[in-house]
Protein chains: 2
Amino acid sequence: MSIQTKMTDSSTTTPINSADSAKQTDNCAAQIMGLLKQDILNGYFKPGEKLRMNRLKERYNVGISPLREALSQLLIEQLVIVENQRGFTVHPISKTEMIDIYQTRAHIEQLCIELAIERGNDDWEAGIIAAAHSMRKFHPKLEQEPQEWERRHQAFHTAIASGCESPTLLHVRRSLYEKASRYRNLWLQDNMQQRTVFDDNQKEHDALIDALIEKDTVNAKAIIKAHLLGPSRLLWQSTSFD
Amino acid sequence: MSIQTKMTDSSTTTPINSADSAKQTDNCAAQIMGLLKQDILNGYFKPGEKLRMNRLKERYNVGISPLREALSQLLIEQLVIVENQRGFTVHPISKTEMIDIYQTRAHIEQLCIELAIERGNDDWEAGIIAAAHSMRKFHPKLEQEPQEWERRHQAFHTAIASGCESPTLLHVRRSLYEKASRYRNLWLQDNMQQRTVFDDNQKEHDALIDALIEKDTVNAKAIIKAHLLGPSRLLWQSTSFD
DNA sequence: TAAGACAATAATGTCGACATTTTTATATTT
DNA sequence: AAATATAAAAATGTCGACATTATTGTCTTA
């Protein structure tokens, strides 16, 4: 019935593995880690919620050992916290932390862009154009499949940042993106209908591409900062939490 | 005989817990995580070395479960890697990765300083002066207790960076410092006798403090970059690995 | 009625055991 | 003798079980 013992039986694994990118080469704990991360980032497990082992066992159909491993990995990314003999808890959210994460993210993104303009070659520019095209084509279907649009949006910005050609810096960037996405998901549920916000987004994207091609570092950094921090300001002002 | 079942028996726990900062409030896995990290950073476990469970069990006197948990935590920090059904391995080192880590670290440190100069108050300046004094007083005993000097050196730079008042950014900074310390420890074993390097260090520290007090961001950023990347250049040129 | 002590319940953290897989050693064949 | 196939050995990854600890509910008492 569990994942790892019946690896040949596809009927039991598919309902779990079909959810997202779970490489078959990874062991059970790594797969659970991905699923658990998704559930936390998407808000299935609420901030501050206690993660009881029995419930997790039932949800993912695995034993305690891989669960503890998966939770341990999320521990370092500060998505869960642990207290001795009191189990695991979803990391609580706070307005101060959110502001800190978003501002740090803006600084890191600026750094990526600065280095990318220095080091980026033609392939880098081509990758940006391609990602922008992919995102622009999907713009009409924004309301229908928002998460696919978000995927392409992320791919666009990743194509830009990857020009820095620093795996270490990109690792930091990814970690911050994931932390921020918790707050973003909470926000998107309320503000998805605001189409105008996304139209402004599109204009900023075009301006950003122009600045990148022209290697205008100062302008590009200003645009990306506004692009990241602009929408989050709405969230800061809301007094829904903290 | 194990740690957690005989928590009242101090005779068996002290030889393990006395090694370093292992809070009694943490569970067994967290303590093992700290010890394991130390052993990897200090080079007890060599890069690329296979971490056999039986050996780890004997070394730390615990079962498999807490070991897997501890290793899972180090997995995210990229200190160990794991392959399905082939166990854990110490993350290998490479010259390209080292260069990337050090350069990223320099950028992050510059960012911390830039923000610290903006946001830092009198307490921040006082903390720097105090840490510098503590380090300077220990300078004569550098050869006798190099690791205590290193601790004070780190405390000095942390006092500076903490002025940015961004837990998220400081978390990133700490993570990069730990990754870099693997390479630094390998280097220190060979170059500890070079006293002149540390004397240059001292001059740079004084210049850095001056720039910080005068809120000379440009100068401070240049100094910290040279301070971080200067010594590492020696390591880059050595062809001892990769 | 409210506060505190005590018992019952539930949950956590670790170990040992078992099935599966990888690695090593041996034997066989050309 | 070298290469492949086979068998033995070791190591990994997961689960169930047990001791310890926290939490909840109940009962007593002021």
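In this text, all values refer to a predicted model and were calculated from it rather than measured experimentally. Side chains are part of it too, since the values below use all heavy atoms of this structure and drop only hydrogens, waters and symmetry mates. Convention: sequence-line order gives letters A, B, ...; per-chain numbering from 1.
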### Message
What is the separation between atom NZ on B/Lys57 and atom P on D/dT12, rounded to the nearest whole Å?
### Response
11 Å
### Query
Does any N or O in the side chain of B/Arg152 come within less than 3.5 Å of the main-chain N or O of B/Ser134, such that one atom is a donor and the other an acceptor?
yes
### Task
Round to a whole Å and report the spacing from CD1 of A/Ile64 to C1' of C/dC15.
12 Å
### Query
Who passes ring pair (Phe, Tyr, Trp, His ring centres under 6.0 Å) against A/Phe156, sequence neighbours left out?
A/His205
### Message
If I take atom CZ in residue A/Arg55 and atom P in nucleotide C/dT12, what distance separates them, rounded to the nearest angstrom?
### Response
12 Å
### Query
Just checking, B/Arg59 and B/Tyr44: is the charged tip under 6.0 Å from the six-membered ring centre and within 45° of the axis?
yes
## Note on the structure
Ranking C/dG13, C/dC15, D/dT14 by distance to the side chain of A/Val82, first place goes to C/dG13
### Query
CD of B/Gln31 versus C1' of C/dT14: gap in Å, rounded?
13 Å
### Query
What residues, two or more places apart in sequence or in another chain, satisfy side chain to side chain donor-acceptor pair (under 3.5 Å) together with A/Gln110?
none
#### Entry: Sequence-distant partners of A/Gln85, side chain to side chain donor-acceptor pair (under 3.5 Å), two or more places apart
none
### Task
Determine the stems involving DNA chain C; a stem requires 3 or more consecutive pairs of the Watson-Crick or G-U wobble kind, each with both distances below 3.5 Å, and the answer is none if no such run exists.
C:1-30 with D:1-30
### Query
Between the side chains of B/Arg184 and B/Tyr177, does any donor sit under 3.5 Å from an acceptor?
yes
### Message
Taking only side-chain N and O atoms of B/Arg86, does any of them lie within less than 4.0 angstrom of OP1 or OP2 on C/dT21?
### Response
no
### Query
Atom CZ of A/Arg68 and atom P of D/dG13: how far apart are they, to the nearest Å?
17 Å
### Message
Does A/Arg55 qualify as a cation-pi partner of A/Phe45, given the criterion of NZ or CZ under 6.0 Å from the six-membered ring centre and within 45 degrees of its axis?
### Response
no
### Query
To the nearest Å, how far apart are B/Asn84 CG and C/dT22 P?
8 Å
### Query
Roughly how many Å is it from CG in A/Leu56 to P in C/dA11, rounded to a whole number?
12 Å
Show each protein N/O and nucleotides 9-11 of chain D N/O combination with a separation under 3.5 Å, one pair to a line.
residue : atom : partner : partner atom : Å
D/dA11  : OP2  : B/Asn54 : ND2          : 3.3

### Query
Taking atom P of C/dT14 as reference, at what distance in whole Å does atom CG of A/Leu71 sit?
13 Å
### Task
Would you check if the side chain of A/Arg182 reaches a backbone N or O of A/Ile93 as a donor-acceptor pair within less than 3.5 Å?
no
### Partner residues of B/Thr168 under the side chain to side chain donor-acceptor pair (under 3.5 Å) criterion, sequence neighbours left out
A/Asp100
